[in-house]
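A short write-up of the structure that comes next.
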Amino acid sequence: MHPHISTLLQCIDLEEQEQEQRYQLDQQHSLKSLKAEGLALHPINITRKTFGYADYPEISFRLPFPTETNQFRDGAAIECFCTGEEPVKGVLISLDGKIGEFRLFAPDFPDWIEDAGVGIKLAPDTRTTGIMKRVLNELENNKRLFTLFRQLHGDMAIHPSKSSLSSSGIQYLNTQLNQSQQNAVKAITENEALIIIHGPPGTGKTTTLLEGIIQLIDKGEKILVSAPSNTAVDHITKGLIRQGIKVLRVGNASKVDEAIFSHTPEGRMANSKEQKEIKQLKIRAEEFRRMALKYKRSFGKAEREQKALLFKEVKNIRSDIKKLQAYNEEKLFAEAEVIAGTPIGLYDAGLNRMNFQTLVIDEAGQCIEPLAWCIFPLADKYVLAGDHWQLPPTVLSFEAAKKGLNRSILEIATETSFPVFLLNTQYRMREAIAGFSSDYFYNSLLQTAIHLKNTGTHICFIDTAGSGYQESAGKDGSSLQNEGELNIVRQLIERESLDPEKTAFISPYSGQVTAAKEILPSGMRISTIDSFQGQEKEIIIVSLVRSNEDGDIGFLKDYRRMNVAITRAKEQLFVIGDSATIGADSFYNAFLSYVENTGNYHTVWEYDV
């Protein structure tokens with residue numbers, strides 16, 4: 001076996017072990033400690049119960065308290081639990097503020113689902129890791145894919161692309177594309193193997209990909225579009241829908257908005273003859289289910305057997321429903337010009353019998369390598385789009401990360417000779433806000449659109465050095481916070497008359513975010529930097545938190561996190577931090593010098609300390 005495949009398999013095992021250990025609820029890992037680490041939500045208030053598309057139980061809930069939910073991302077594996085009961089595995093469909101929804105992998109709702117003390121906790125995603133291991137173990141059997149694998153890892157030469165930089169000869173649907181975007185679109189249409197579209201913040205990556213996909217469809221290609229998160233898949237799907245493309249969005253349809261729902265298999269089948277047949281089967285399943293539920297928790301052997309038989313019948317009917325849905329989905333797959341979904345969503349859709357020419361992976365900088373190999377077999381050519389200078393994929397195991405599991409497929413590909421096409425003009429933020437990132441991360445190649453040239457001072461650093469505003473452990477002891485910096489934020493909002501609706505507060509530390517939610521104005525977006533990637537606001541306030549005598553800056557050392565933080569603001573960026581703590585680091589020293597030369601540099605003593 002290729003040594004790197006062996007390493008990836010080891011990494012996945014390490015990640016599984018870390019998940020198992022971290023998410024365990026036992027004598028060593030109390031519910032209190034899981035809640036403190038943001039790994040459990042408890043208690044939750046159940047607001048609605050229903051059966052979803054595949055007839056799994058789906059549960060809506062509300063959190064009765066403010067808490068840090070950063071780690072509960074859409075699609076996360078969870079367990080629903082209640083003290084003294086056997087937990088039930090499931091998946092988080094969505095969580096927005098205090099409102100959420102999850103699906104249980106069970107034939108029915110647990111008897112205890114509406115008891116007091118019900119909660120959900122993160123659980124090991126053994127299904128995804130199992131799929132990744134299976135795919136990697138089979139990789140060397142596929143000559144074409146294994147050749148690509150060896151090229152990506154420097155074992156084989158890459159044949160140069162025949163693409164020219166001239167973008168003439170293409171009739172662009174979008175006539176507003178700049179030259180770098182046109183070059184990227186032309187490269188997409190001429191791609192014979194794999195190309196990279198490098199899109200720094202605000203450079204119109206989605207716009208470019210949409211044009212490229214339309215051009216490929218005009219050439220008669222059938223396209224797959226993927227991204228590591230449901231949010232990113234939905235974003236590009238909406239763009240395709242607006243362009244009139246026949247797109248089918250596979251995977252989780254429970255929480256997509258109306259614009260996308262009608263382009264999911266469930267939405268497409270609504271009101272059809274087949275859907276009416278499925279509805280009748282669901283009614284029958286529900287009748288058997290109710291009969292089974294008449295048998296309560298304490299009963300004899302005969303009743304237990306009768307209940308088991310009834311639930312078996314429910315299971316058989318649901319199996320028939322899934323077969324009928326799969327048959328109808330195949331027809332929808334054949335009609336679609338583009339099929340979109342997360343890697344696991346596409347893998348689960350059973351598309352391997354179909355022929356797709358191009359696979360586009362958006363946000364590929366967030367996609368770990370084994371996940372990409374799950375869908376690479378589905379197409380002949382690949383377009384990887386994203387920015388490897390933003391946050392890498394999240395990996396829990398320190399050992400697995402050290403061995404390279406947190407290196408994205410995009411980061412790996414950029415280190416090869418596969419062609420890279422940089423989108424070089426940003427349309428999001430003022431020139432002063434973009435300037436430091438352009439210099440530090442993008443070799444000063446990132447330009448700013450003319451209408452975003454500076455009209456004043458758009459970037460400000462507020463230095464807390466010498467104030468005694470030290471970092472401290474949060475109330476739950478799980479993450480750092482800095483009360484003094486939050487005091488400055490409150491005064492800043494008042495002094496500058498900042499509109500909470502146009503302002504976002506972000507910080508690298510979830511403890512600071514949790515504390516901020518208790519004291520900052522309602523209506524203001526308050527988030528960790530990691531959760532805010534891909535978003536933007538007119539005004540951004542960044543609280544760096546770290547302030548100590550040792551100059552310890554922790555994971556502020558991952559400069560890509562800071563790149564995300566300082567490229568979210570459109571008009572005004574405020575950064576609050578302790579120069580005495582961060583200034584010894586070359587990156588932050590360069591940032592402080594940039595602000596002194598380009599913006600406003602204030603000290604904490606100008607505020608009410």
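The chain is numbered in sequence order, starting from 1. Keep in mind that what you see is a predicted model, and the values were worked out from it rather than measured. As a basis for the values below, the full set of heavy atoms in this structure was taken, side chains included, without hydrogen atoms, waters or symmetry mates.
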* In sequence, state the C-alpha distance, the side-chain angles, and the governing distance for Y442 and F436, and then conclude on ring-ring contact (aromatic ring centres under 6.0 Å, His included). => CA-CA 9 Å; Y442 307 111; F436 180 75; over 10 Å; no
* Under the criterion side chain to side chain donor-acceptor pair (under 3.5 Å), which of H153, R407, H388 is the partner of E415? -> R407
* H198: side-chain hydrogen bond (donor to acceptor under 3.5 Å, both in side chains) partners, not counting sequence neighbours -> D387
* Point-to-point distance, once rounded to the nearest 0.5 Å, from CD1 of I409 to CD of E369 -> 4.5 Å
If you look only at distance, which donor and acceptor atoms sit under 3.5 Å apart when one is on a side chain in residues 331-341 and the other is two or more places apart or in another chain?
unit_1, atom_1, unit_2, atom_2, d
E335, OE1, R268, NH2, 3.0
E337, OE1, K246, N, 2.9

* Asked: Just how far is it from atom CD of Q10 to atom CD1 of I5, taken to the nearest 0.5 Å?
  -> 12.5 Å
* Sequence neighbours excluded, every pair satisfying ring pair (Phe, Tyr, Trp, His ring centres under 6.0 Å) that has a member inside residues 346-376 -> F149-W373, W373-F376, F376-Y382
* Lys/Arg-Asp/Glu bridge criterion (N-O < 4.0 Å) met for E571, R430 -> yes
* To do: Starting at CZ of R150, measure out to CG of L139 and round the result to the nearest 0.5 Å.
  => 11.5 Å
* Among I241, V247, L210, which residue meets the side-chain contact (heavy atoms from CB on, under 4.5 Å) test with I236? -> L210
* Asked: Is a salt bridge present between R22 and E37, judged by a nitrogen-to-oxygen distance below 4.0 Å?
  -> no
* Looking at R428 and E536, does any basic side-chain N land under 4.0 Å from a carboxylate oxygen? -> yes
* To do: State, without any angle test, whether T203 and Q426 hold a side-chain donor-acceptor pair at a distance under 3.5 Å.
  => no
* **Ionic contact status for E190 with K186, cut-off 4.0 Å** => yes
* Asked: Is the Y440-Y594 ring centre distance short of 6.0 angstrom?
  -> no
* Taking the inter-plane angle between the rings of F441 and W389 on a 0 to 90° scale, is it parallel (under 30°), tilted (30 to 60°) or perpendicular (over 60°)? -> tilted
* To do: Go through D125 and Y23 one step at a time and tell me if the side-chain hydrogen bond (donor to acceptor under 3.5 Å, both in side chains) criterion holds.
  => CA-CA 11 Å; D125 189 358; Y23 300 151; over 6 Å; no
* Sequence neighbours excluded, which residues qualify as side-chain hydrogen bond (donor to acceptor under 3.5 Å, both in side chains) partners of S531? -> N70, T528
* **Partner set under salt bridge (charged side-chain N to carboxylate O under 4.0 Å, His left out) for D13, not counting sequence neighbours** => K133
* Structure fact -> In short, ring pair (Phe, Tyr, Trp, His ring centres under 6.0 Å) pairs touching residues 201-250 with sequence neighbours left out are none
* To do: Drop me the distance from L8's CG to H2's NE2, to the nearest 0.5 angstrom.
  => 10.0 Å
* To do: Take Q215 and E211 through the test side-chain hydrogen bond (donor to acceptor under 3.5 Å, both in side chains) and record every step on the way to the result.
  => CA-CA 6 Å; Q215 296 288 344; E211 179 73 31; 2.8 Å; yes
